[in-house]
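Scroll down for the structure; my scribbles are underneath it.
What you see is a predicted model, and the numbers here were worked out from it, not measured in a lab.
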Amino acid sequence: MNTTKKTWLWVAVTFTLLAGVLYWLSSGRPEPYPPYLSESPSQTGTKAFYTLLEEQGEEPARWNSEPGRLPEASGRQTLLMIEPYSTVSGDEMRQYEKWMEEGNTIWLMKNNPVGYFDTQVDYGVLPAGETRVEDEKGRTYTVEVQQEHRLQTKESDNVLLSDRQGVLAYERSYGEGGLIVGMNPNWFTNGWVSDREHYEVITSILESEAGSSRIWFDEYIHGQDGLFADLDVYPKWLLVFTLQLALFMLFFLWMQGKRFGPSFMPREAVVRFGDERLQALAAWYRKGEFYRVSLAVQESYLRKLLQERFGISSHASWQEIRHTLSYRLNEQDYQDWEKWTKTVEPLENVTDVDKKAFLDWSHTFDQMRKEVQGS
């Protein structure tokens with residue numbers, strides 16, 4: 001009893017220390033956020049722009065699922081893809097294109113958008129830094145660019161933003177919808193959106209999408225989908241408590257002697273008792289001298305095996321069995337079966353069997369059984 005109390009005392013102390021260490025590690029430090037997340041308040045996040053859209057009544061929303069499940073709506077919708085972390089797969093790219101063809105818009109902002117929606121760029125443009133840009137309506141803005149390349153456009157594309165070096169953003173039709181491709185995703189971040197005239201440039205492009213029913217921030221491209229992303233909605237103290245509770249339950253079950261795994265039948269329950277039943281049944285047949293009945297059981301079992309392997313009827317005569325086996329077996333094997341079947345064939349006309357004949361016929365049946373079973 002004293003040993004058990006000491007064990008539980010040490011368990012309680014261990015869990016208390018673990019809770020204290022986890023709380024100390026998580027407190028007093030700013031929470032790290034990956035860049036370009038719409039819920040990130042850090043300098044590299046886009047929460048300020050998201051909040052500003054909310055205050056203006058735009059009703060923005062976050063999209064955390066795969067593109068094949070993008071929502072359908074009666075009005076035009078806009079999906080903001082701000083600096084995807086990795087290249088989108090071919091299947092996902094086709095799903096995005098299908099969504100645009102249905103009448104929606106995707107706005108891709110990426111430092112180098114090559115590999116997305118057949119986008120190409122011209123390299124070797126100098127210099128990067130502050131520049132003066134012009135929108136499609138002739139209005140000019142002062143912005144900061146970080147690229148030394150510009151976008152290539154097609155004749156059907158509508159140039160939305162450009163400077164002396166080339167195109168910085170354009171719009172391309174996709175079915176009933178459209179695609180906007182731009183560079184400088186940092187314009188959306190908390191640290192840049194209010195600098196120079198970045199916000200004015202963004203809103204000038206949004207003017208062309210004024211009829212959108214909703215603006216979605218694509219967080220799926222930032223790797224926020226999955227179990228751990230769903231856990232972010234819970235406070236850390238609750239996650240720590242749940243983890244400790246799970247560990248405590250496992251330890252409690254282990255202390256109670258619980259073991260997890262498949263259940264096995266003891267070998268002696270299958271082999272020993274099974275052999276004893278067979279031996280008792282055999283002894284009963286011997287003592288009662290039920291030799292003919294025993295041979296009938298052996299013959300019936302053999303005929304069942306022949307039916308399963310060769311498709312021979314269990315009511316066929318031994319002559320019919322030999323005829324069928326002559327087509328199924330090679331010459332050497334057939335000779336053995338011809339000898340065995342002719343040995344047991346007279347049994348059909350015998351009603352009384354002595355012990356010696358019983359042993360001889362049993363031996364023959366056993367050889368035939370082993371041959372059919374391949375043992």
Problem - For Gly178 against Met100, the heavy-atom pair lying closest together - result: O-SD, 3.3 Å
Practice task
Applying side-chain contact (heavy atoms from CB on, under 4.5 Å) between Val181 and each of Trp107, Tyr170, Tyr116, report the one that passes.
Solution key: Tyr170
Exercise for the section: Measure the spacing between CG of Leu305 and CZ of Arg309 and express it to the nearest 0.5 Å. Expected result: 10.0 Å
Practice task
Give a yes or no answer on whether the side chain of Ser317 reaches the backbone of Glu320 with a donor-acceptor pair at less than 3.5 Å.
Solution key: yes
Fill in the blank from the handout: Separation between CG (Leu325) and CG (Leu306), nearest 0.5 Å, reads 6.5 Å
Problem - Test item: Ile221 and Tyr96 side chains (from C-beta on) under 4.5 Å apart, heavy atoms - result: yes
Exercise for the section: Apply salt bridge (charged side-chain N to carboxylate O under 4.0 Å, His left out) to Lys355 and Asp360, showing your working. Expected result: CA-CA 9 Å; Lys355 184 175 182 179; Asp360 292 339; over 6 Å; no
Problem - Modelled atom types, side-chain donor and acceptor of Glu219 and Asn64, under 3.5 Å - result: no
Problem - Glu136 side chain to Asn158 side chain, donor-acceptor N/O pair below 3.5 angstrom - result: yes
Practice task
Using the side-chain contact (heavy atoms from CB on, under 4.5 Å) rule, pick out the option among Leu347, Asp352, Thr351 that qualifies with Arg292.
Solution key: Leu347
Handout entry: Listed partners of Asn190 passing side-chain hydrogen bond (donor to acceptor under 3.5 Å, both in side chains), at least two apart
Key = none
Problem - Aromatic ring pairing Trp318/Phe365, orientation class (parallel under 30°, perpendicular over 60°, tilted between) - result: tilted
Practice task
Kindly state each residue pair satisfying side chain to side chain donor-acceptor pair (under 3.5 Å) with at least one member in residues 325-334, sequence neighbours excluded.
Solution key: Asn330-Asp333
Exercise for the section: Give the intermediate values and the outcome of side-chain contact (heavy atoms from CB on, under 4.5 Å) for residues Gln298 and Ser294. Expected result: CA-CA 6 Å; Gln298 296 181 57; Ser294 176; 3.4 Å; yes
Practice task
For the residue pair Tyr199 and Ser194, establish whether any side-chain heavy-atom pair is separated by less than 4.5 Å.
Solution key: no
Practice task
Examine the side chains of Gln77 and Trp216 and answer whether a donor and an acceptor come within less than 3.5 Å of each other.
Solution key: yes
Exercise for the section: Measure from the side-chain N and O atoms of Asn104 to the backbone N and O of Trp99, and report whether any donor-acceptor pair falls under 3.5 Å. Expected result: yes
Exercise for the section: Would you mind reporting whether Pro113 and Leu151 have side-chain heavy atoms less than 4.5 Å apart? Expected result: yes
Practice task
Could you tell me whether the side chain of His198 and the main chain of Thr142 form a donor-acceptor pair under 3.5 Å?
Solution key: no
Problem - Near-ring test Tyr50/Phe217, centroid separation under 6.0 angstrom - result: yes
Handout entry: Results of salt bridge (Lys or Arg N to Asp or Glu O under 4.0 Å) for Lys47 - residues two or more places apart only
Key = none
Exercise for the section: For Asn186 and Trp192, indicate whether the former's side chain and the latter's backbone hold a donor-acceptor pair under 3.5 Å. Expected result: no
Problem - Whether Ser40 side chain and Leu37 backbone form a donor-acceptor pair below 3.5 Å - result: no
Practice task
Measure the spacing between CD of Glu66 and CG of Asp91 and express it to the nearest 0.5 Å.
Solution key: 10.5 Å
Practice task
Would you mind reporting whether Asp135 and Leu160 have side-chain heavy atoms less than 4.5 Å apart?
Solution key: no
Exercise for the section: Establish, for the pair Arg322 and Trp340, whether the NZ or CZ atom is under 6.0 angstrom from the six-membered ring centre and no further than 45 degrees off its axis. Expected result: no
Problem - Stepwise side-chain contact (heavy atoms from CB on, under 4.5 Å) check, Leu206 with Leu53 - result: CA-CA 11 Å; Leu206 276 178; Leu53 290 178; 4.3 Å; yes
Handout entry: Side-chain H-bond candidate by donor/acceptor type, Asn112 with Gln147, under 3.5 Å
Key = no
Problem - Main-chain N/O of Ala357 paired with Asp354 side-chain donor or acceptor, under 3.5 Å - result: yes
Problem - Nearest atoms (heavy-atom pairs only) where Thr46 meets Ser38 - result: OG1-CA, 3.1 Å
Handout entry: Name of the residue among Thr131, Asp163, Ile202, Val133 meeting side-chain contact (heavy atoms from CB on, under 4.5 Å) with Tyr141
Key = Val133
Fill in the blank from the handout: In terms of heavy-atom contacts, Asn184 and Met109 come closest through O-CE, 3.5 Å
Completion exercise
Rounded to the nearest 0.5 Å, the CD atom of Glu39 sits from the OG1 atom of Thr51 at a distance of 11.5 Å
Problem - Heavy-atom neighbours of Gln307 CD exceed 12 at 6.0 Å - result: yes
Practice task
For Asp157 and Lys154, run salt bridge (charged side-chain N to carboxylate O under 4.0 Å, His left out): C-alpha distance rounded to whole Å, both residues' side-chain angles, the deciding distance at 0.1 Å, then the answer.
Solution key: CA-CA 5 Å; Asp157 294 340; Lys154 300 179 181 179; over 6 Å; no
Fill in the blank from the handout: Nearest heavy-atom contact between Glu134 and Gly138 is OE2-CA, 3.3 Å
Practice task
Measure the CD1-CZ distance between Ile215 and Arg62 for me, rounded to the nearest 0.5 Å.
Solution key: 13.5 Å
Exercise for the section: May I ask you to decide if the ring planes of Tyr174 and Phe117 are parallel, tilted or perpendicular, using 30° and 60° as cut-offs? Expected result: perpendicular
Practice task
Locate the shortest heavy-atom distance separating Arg172 from Gln152; write the atom from each residue and the value.
Solution key: NH2-O, 4.4 Å
Handout entry: Side-chain donor or acceptor of Glu83 paired with backbone N/O of Asn111 under 3.5 Å
Key = yes
Handout entry: Any side-chain heavy-atom pair of Leu179 and Glu171 under 4.5 Å
Key = no
Practice task
Please indicate whether Glu176 has more than 12 foreign heavy atoms, meaning atoms of other residues, nucleotides or ligands, lying under 6.0 Å from its CD.
Solution key: no
Practice task
May I ask you to test the His222-Pro84 pair for a side-chain heavy-atom distance under 4.5 Å?
Solution key: no
Problem - side-chain contact (heavy atoms from CB on, under 4.5 Å) assessment of Asp218 paired with Leu80 - result: CA-CA 6 Å; Asp218 192 349; Leu80 278 176; over 6 Å; no
Handout entry: Any side-chain heavy-atom pair of Ile180 and Ile205 under 4.5 Å
Key = yes
Exercise for the section: Kindly give the heavy-atom pair with the smallest separation between Glu348 and Arg303, and that separation in Å. Expected result: OE2-NH2, 4.0 Å
Exercise for the section: Check whether any side-chain N or O of Arg196 sits under 3.5 Å from a backbone N or O of Val143 as a donor-acceptor pair, and report yes or no. Expected result: no
Problem - Criterion ring-ring contact (aromatic ring centres under 6.0 Å, His included) on Phe290 and Trp284, from CA distance to verdict - result: CA-CA 8 Å; Phe290 302 129; Trp284 180 75; 4.9 Å; yes
Problem - From CA spacing to verdict: salt bridge (charged side-chain N to carboxylate O under 4.0 Å, His left out), Glu197, Arg132 - result: CA-CA 10 Å; Glu197 295 178 291; Arg132 195 75 179 166; 3.6 Å; yes
Problem - Exam field: side chain Tyr36 to backbone Tyr85, donor-acceptor pair closer than 3.5 Å - result: no
Completion exercise
CD (Glu308) and NZ (Lys304) are apart, to the nearest 0.5 Å, by 5.5 Å
Exercise for the section: Could you go through the side-chain contact (heavy atoms from CB on, under 4.5 Å) check for Met183 and Lys110 one step at a time? Expected result: CA-CA 5 Å; Met183 299 187 293; Lys110 186 170 175 60; over 6 Å; no
